[in-house]
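As a basis for the values below, the full set of heavy atoms in this structure was taken, side chains included, without hydrogen atoms, waters or symmetry mates.
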Amino acid sequence: MSFTTRPELRGTFGAVASTHWLASGVGMAVLEKGGNAFDAAVAMGFTLQVVEPHLNGLGGEVPIVLRSAEQGKTRILCGQGVAPAGATIAHYRGEGLDMVPGAGLLATVVPGAFDAWMRLLRDHGSLPPREVLSYAISYAEDGYPLVAMIAATIERVAELLRDEWPTSAEVYLPGGNLPIPGQLFRNPALGATYRRLLDEGEAAGANREAQIEAMRRAWSQGFIAEEIERFATGQELMDTSGERHRGVIRADDLTRWEATYEDPLTLDFRGYTLCKGGPWSQGPVLLQQLALLDGFALDAMPPTGPDFVHTIVECAKLAFADREAYYGDPDFVPVPIDTLLSADYAKERRELVGKTASLELRPGRIPGFESQVDAMLESVATETPETADALGGGEPTVQTSGAARGDTCHIDVIDRWGNMVGATPSGGWLQSSPVIPSLGFCLNSRGQMFWLEEGLPASLAPGKRPRSTLSVNLVLKDQEPYMVFGTPGGDYQDQWSLGVFLRHAVHGMNLQEAIDAPAFQTDHMPSSFWPRSAKLGSLKTEDRFPAATLEELRRRGHRLEVSDAWSLGRVSAVARDADGALKAAANPRFMQGYAIAR
C-alpha cells in the first residue's frame, strides 16, 4: 500500500478541494447553504483573491472547465483577457525592449477573471451575488491568517515595493514593516471594491441576473475600467526591464472584451476521456503527452522507477517543444491541433524517445508550418540571465527558501447533483504590478507570455490572447463524467497533473496516494515566463525517489537536480463514482491545500 499523508476523503453530499483551506471551507459552506457547485466555485475564487494575493487577484485571469448535470455537456469558460489595443510589437520595440517585461504596467492584458466568474454565476449558479461574495469581503475587511509563502514573497520584493511601488508598500508593508506569518492581514480597499460592485449591481433591482449584468458593466464600462486606465497611463513605474514605463491598457480595452464559452479538446486514453482548453492555453500539451505515452507499457513500469520517469519526461520534451512551436490564440493564428493530437503524429514522434535523455529542443515539422518552427528555434535562449529573479519578475511565486517557483491557485468542486467545475485562477499577484490604491488590487502580468518577434504563434498583437500556462482538467470515465483536477505551477501544471493522473488511472492509486507520490518536472522547454529561457536536459525530482532510480536517471544522461522531499506539485482533485459516491484529495505540500467531502 502506498504511503499517504491523509485519507482519500469520501462522501455523497459534496466534495471540494483547493490550494487554501479557507477557500475549501468556503466552498463547503456554500454547498451547505443550498448552493450548487458553480456558486461554490465562484465564492472560492473570490476568496482566493484575498487569501492568496501572491498567487492571484481581482486583476488576474482564470480558465474554467464545467459540466452541468442538467445540460450534460462539458464546456470551457475562457477568462483569459487579451492584449490591449495599444500593445503592439512596434510600441514595445520603440521603448527599447526585446521582451515583454515580466512585471509592471507594460505586462498587463485585459483582466479576465471577474467577468468569467460573473458569467459562471449568471449562467449556472443559483445564489445572489452578495451571498457569494460575502466570504471574500469578510476576509478582506476582518482579516485572514497570513501564510508563510505570502510573507516570503513580500520579503523578496520588499525593496521594489518601498522604492518603486509605494502604493503596494502601503498595503503589503503595513507601517513599513514586513508582515509576520500567521498574523491577521487585511485589505480594506479591496473589500470596498467588492462592496461597490455589489451596490451597483443591486441598484438594478432584485433579479439576480440583472444584478450580475450591472456588476459586469460596472467592471468593464464603469468605475473599474476608468480607474485602471487612470492608474496605468498616468505615471511611469519600474518593471523588470530596469526602466520605468507607462501602461498601454485603456478603459475601452475592458469594454470590448468578455469571457467566452468554447468546447473542450479531448483525447481518449485507456477508458478515460480527458477534456482540456484550446491552444490559447497549454492544455493540449497534456493530451499530446498522453497520445505519446499510449504506445508504452506504463502499467509494467513501477511508478517510482527510472523507466516511468524517463519515459514521461522524454515525451514531455517532445510535446512541450510542439507547444512552443505551434500553440497560440486560434482566433489569430492557424494551429494544426488535429494533427498534433492524432495517433499517426504521436506514433511518428514516439520513435524519438530513446534510452538516454535528449538534450535537444525537437518540435515536429508539420508541412506548411516550417518557417514558424525555425523562427521559434532561433528565438529560444538556453541560459537564464542573472537578472531573471529581480524586480518581482519571472514566475509568480517563491518558496519559503526564497527560490523562484511557478505557481498560482486551483479549485475543484462536485455537488450532490453531479455538477462539476474546476478552475485555475491566476494573475494580478502582488509582485506583478503596483496596487491601484483606489481599488486595492494589482493588474496582471500575463502579457509576458507574448514574444516580440514576428512570425511566432504567440507573437504580440492587439486583441490576442497570450498563450497561457493556465490549465484545467475534466475527465470522463467510460464516457460518464468522473473527475475534475488540476494544479498551480506555470509550465509544470501539465506535468504535475499528468503524473497524478497516470498513477491513478494506470497504477490504481487512489486520488490522495497519487497526489502524495514523489513528483518530478523538467524545464527543457522554453519558459513561458520572463526571461523565457530553456534548461535543456534538466530533470528535477523530489528526494523521496529510491536512490537506485536517481542513479539510473543520471546514468541515462538527465541533468538531475534533487529537490526537497515535499517540494514539487500542488495538485488537488475531486471525483464522482458511477454509484454517486464522491471523493476528494488535496496536496499536502506547504501545509496549505485542503479537501473536504461529506
Next on the checklist: Donor-acceptor check, side chain of Asp115 to backbone of Glu258, threshold 3.5 angstrom: yes or no?
Outcome noted: no

Next on the checklist: Looking only at the side chains, is there a donor atom on one of Asp322 and Tyr327 sitting less than 3.5 Å from an acceptor on the other?
Outcome noted: no

Checklist entry - Are side-chain N/O atoms of His410 and Thr424 paired as donor and acceptor at under 3.5 Å? => result yes

Checklist outcome for this item: Scanning both residues in full, the closest heavy-atom pair of Ala585 with Gln512 reads CB-OE1, 3.1 Å

Checklist entry - Got a second to check how far Leu550's CG is from Leu560's CG, nearest 0.5 Å? => result 5.5 Å

Checklist entry - Quick one: NZ on Lys464 to CH2 on Trp280, what's the gap to the nearest 0.5 Å? => result 14.5 Å

Item to check | Side-chain donor or acceptor of Asp577 paired with backbone N/O of Gly580 under 3.5 Å | outcome: no

Next on the checklist: Any side-chain to backbone donor/acceptor pair from Glu32 onto Met28? Under 3.5 Å, distance only.
Outcome noted: no

Item to check | Side-chain ion pair, Arg544 and Glu542, N-O less than 4.0 Å | outcome: yes

Next on the checklist: side-chain contact (heavy atoms from CB on, under 4.5 Å) for Leu290 and Leu274? Distances and angles first, verdict last.
Outcome noted: CA-CA 10 Å; Leu290 283 176; Leu274 277 87; 3.7 Å; yes

Checklist entry - Taking atom types as modelled, is there a side-chain donor on Ser24 or Ser18 under 3.5 Å from an acceptor on the other? => result yes

Checklist entry - Minimum heavy-atom separation for Val109 to Val82, with atom names? => result CB-O, 3.3 Å

Item to check | Reported CE-to-NE2 distance for the pair Met149 and His20, which is rounded to 0.5 angstrom | outcome: 11.0 Å

Next on the checklist: Whether Arg10 and Glu8 form a salt bridge (side-chain N of Lys/Arg under 4.0 Å from carboxylate O of Asp/Glu) is what I want to check.
Outcome noted: yes

Next on the checklist: Does the plane of the ring in Tyr482 sit parallel, tilted or perpendicular to the ring in His504? Use 30° and 60° as the thresholds.
Outcome noted: parallel

Checklist entry - How about Phe308 and His507: are their ring centroids closer than 6.0 Å? => result yes

Item to check | Side-chain (Ser497) to main-chain (Asp494) donor-acceptor, under 3.5 angstrom | outcome: no

Next on the checklist: Please find the pair of heavy atoms, one from Gly537 and one from Leu359, that lie closest to each other, and give the distance.
Outcome noted: CA-CD2, 3.6 Å

Item to check | Any donor-acceptor pair under 3.5 Å from Arg559 side chain to Leu536 backbone | outcome: yes

Checklist entry - Once you round to the nearest 0.5 Å, how far does CD of Gln521 lie from CG of Leu568? => result 4.5 Å

Item to check | Flag for Thr5-Asp516: side-chain donor and acceptor within less than 3.5 Å | outcome: yes

Item to check | Whether Asn36 side chain and Phe38 backbone form a donor-acceptor pair below 3.5 Å | outcome: yes

Checklist entry - Can you check side-chain contact (heavy atoms from CB on, under 4.5 Å) on Met44 and Thr47, steps first, answer last? => result CA-CA 5 Å; Met44 294 167 75; Thr47 296; 5.5 Å; no

Checklist entry - side-chain hydrogen bond (donor to acceptor under 3.5 Å, both in side chains): which pairs involve residues 330-342, sequence neighbours left out? => result Asp331-Arg465

Checklist entry - Would you say the side-chain atoms of Ser126 and Asp39 include a donor-acceptor pair closer than 3.5 Å? => result yes

Checklist entry - Got a donor-acceptor contact below 3.5 angstrom from the Thr549 side chain to the Thr304 backbone? => result yes

Checklist outcome for this item: Exactly one candidate in Thr487, Thr522, Asp523 meets side chain to side chain donor-acceptor pair (under 3.5 Å) with Tyr492; the answer is Asp523

Checklist entry - So, for Pro363 and Val373, which heavy atoms are closest and what is the spacing to 0.1 Å? => result CG-CG1, 3.6 Å

Next on the checklist: Checking Ile515 against Arg589 for the side-chain contact (heavy atoms from CB on, under 4.5 Å) test, could you report, in this order, the C-alpha distance in whole Å, the side-chain angles of both residues, the deciding distance, and whether it holds?
Outcome noted: CA-CA 10 Å; Ile515 289 170; Arg589 297 162 179 88; 4.3 Å; yes

Checklist entry - When rounded to the nearest 0.5 angstrom, what distance separates CG in Leu553 from CZ in Phe545? => result 8.0 Å

Checklist entry - Are Lys540 and Glu561 ion-paired here, with the side-chain N under 4.0 Å from a carboxylate O? => result yes

Checklist entry - Would you call Asp307 and Arg556 a salt bridge, using N to O less than 4.0 angstrom? => result yes

In a table with atom names and distances, give each donor-acceptor pair under 3.5 Å that connects a side chain of residues 55-69 to protein atoms at least two apart or in another chain.
| unit_1 | atom_1 | unit_2 | atom_2 | d |
| --- | --- | --- | --- | --- |
| Asn56 | ND2 | Leu48 | O | 2.8 |
| Asn56 | ND2 | Glu52 | O | 3.0 |
| Glu61 | OE2 | Gly427 | N | 3.4 |
| Glu61 | OE2 | Arg446 | NE | 2.9 |
| Glu61 | OE2 | Arg446 | NH2 | 3.1 |
| Arg67 | NH1 | Thr74 | OG1 | 2.7 |
| Arg67 | NH2 | Gly72 | O | 3.2 |
| Ser68 | OG | Glu70 | N | 3.3 |
| Ser68 | OG | Gln71 | N | 3.2 |

Checklist entry - Is Arg323 paired with Asp491 through a side-chain N to carboxylate O contact shorter than 4.0 Å? => result yes

Checklist outcome for this item: Tightest non-hydrogen contact, residues Ser527 and Arg532, listed as O-NE, 2.7 Å

Checklist entry - Does Arg570 reach the main-chain N or O of Thr408 with its side chain, forming a donor-acceptor pair under 3.5 Å? => result yes

Checklist outcome for this item: Nearest heavy-atom approach of Ser445 to Ser432 is OG-CB, 3.5 Å

Item to check | Residues Leu120, Val421; criterion side-chain contact (heavy atoms from CB on, under 4.5 Å); working and verdict | outcome: CA-CA 10 Å; Leu120 182 68; Val421 59; 4.3 Å; yes

Checklist entry - If only atom types and distance count, is the side chain of Glu513 paired as donor or acceptor with the main-chain N or O of Asn510 below 3.5 Å? => result yes

Next on the checklist: Can a donor-acceptor pair be found, under 3.5 Å and without considering hydrogens, that links the side chain of Tyr326 to the backbone of Ile366?
Outcome noted: yes

Next on the checklist: Check this for me, if you would: do Asp329 and Arg467 make a salt bridge, where the nitrogen-to-carboxylate-oxygen distance has to be below 4.0 angstrom?
Outcome noted: no

Checklist entry - Any ion pair linking Glu314 and Lys317 (charged N to carboxylate O, less than 4.0 Å)? => result yes

Next on the checklist: When you measure from the centre of the six-membered ring of Tyr594, is the NZ or CZ of Arg6 closer than 6.0 Å and no more than 45° off the axis?
Outcome noted: yes

Checklist entry - Any idea how Phe501 and Tyr272 line up, ring-wise: parallel (<30°), tilted (30 to 60°), or perpendicular (>60°)? => result perpendicular

Item to check | Pair Thr19-Gln592, side-chain donor/acceptor within less than 3.5 Å | outcome: no

